[in-house]
Amino acid sequence: MKKEIPLQDNSKLKIFETYEAKFKAIADKKRLQIMNILTEKGEMCVCDLAPIMDMAQSKLSYHLKILLDANIIIKETRGTWSYYSLNQSEINHLLSEELCCLFRPTC
């Protein structure tokens, strides 16, 4: 008897890839710390964030870029400085029912 292998659900692959990128971005304690600081203090300049993180500006920029590429934070440039804040709608989306529904059969 031949066993049937179910076809892959391509409609959800893009969703999974998007969440994979976002979860990879937040799967780092330094980036979680950055997110927590932005939650507590609001919008911040790299120059103010670096001493709080006790991190060189170049290393901090690396982490910010990863969060920015995943749309977890928002960057606004004013003059020569960049200011970062949490993308609250994206954070809410990550914690939303949409994600939970992917893993709850009753949803």
Would you say that S85 contacts L38 through its side chain, given a criterion of any heavy-atom pair below 4.5 Å between the two side chains?
no
Sorted by chain and residue number, the side chain to side chain contact (heavy atoms under 4.5 Å, CB included) partners of C45 (sequence neighbours excluded) come out as C47, D48, W81, Y83
* To do: Answer whether the closest heavy-atom distance between the side chains of I91 and T39 falls below 4.5 Å.
  => no
Residues joined to I74 in its hydrophobic cluster, side chain to side chain under 4.5 Å directly or through other members, sorted by chain and number, are none
| request: Report whether I72 and L60 are members of the same hydrophobic cluster (ILVMFWY, side-chain heavy atoms less than 4.5 Å apart, transitive linking). | output: yes
Interatomic distance, CE@M35 vs CG@N87, rounded to 0.5 Å, equals 10.0 Å
With sequence neighbours left out, the residues meeting salt bridge (Lys or Arg N to Asp or Glu O under 4.0 Å) with K59 are none
Should I34 and L86 be counted in the same cluster of Ile, Leu, Val, Met, Phe, Trp and Tyr side chains packed under 4.5 Å apart? yes
key: H93 and K22, any side-chain heavy atoms less than 4.5 Å apart   = no
Do you reckon L67 sits in the same ILVMFWY cluster as Y62, going by side-chain contacts under 4.5 Å, direct or chained?
no
Separation between CG (D28) and CD (Q33), nearest 0.5 Å, reads 10.0 Å
Notebook entry, point to check: Does CG in N92 sit with more than 12 non-hydrogen atoms of other residues, nucleotides or ligands closer than 6.0 Å?
Noted result: yes
Sequence neighbours excluded, the answer for side chain to side chain contact (heavy atoms under 4.5 Å, CB included) partners of K24 is E20
dist N71:CG -> S89:OG (nearest 0.5 Å) comes out at 7.0 Å
Taken to the nearest 0.5 Å, the spacing of M55 CE from L64 CG works out to 9.0 Å
Heavy-atom closest pair (A70 atom, A21 atom, distance to 0.1 Å) is CB-O, 4.2 Å
Interatomic distance, CZ@F23 vs OG1@T18, rounded to 0.5 Å, equals 11.5 Å
inquiry  = If hydrophobic clusters are built by linking Ile, Leu, Val, Met, Phe, Trp and Tyr wherever their side-chain heavy atoms come under 4.5 Å apart, do I66 and L94 end up in the same one?
reply    = no
I52 meets the side chain to side chain contact (heavy atoms under 4.5 Å, CB included) criterion, sequence neighbours left out, with I37, K41, M44
Taken in chain and number order and not counting sequence neighbours, the residues that satisfy side chain to side chain contact (heavy atoms under 4.5 Å, CB included) with E40 are N36
Rounded to the nearest 0.5 angstrom, the CE-CZ distance for M53 and R31 is 10.5 Å
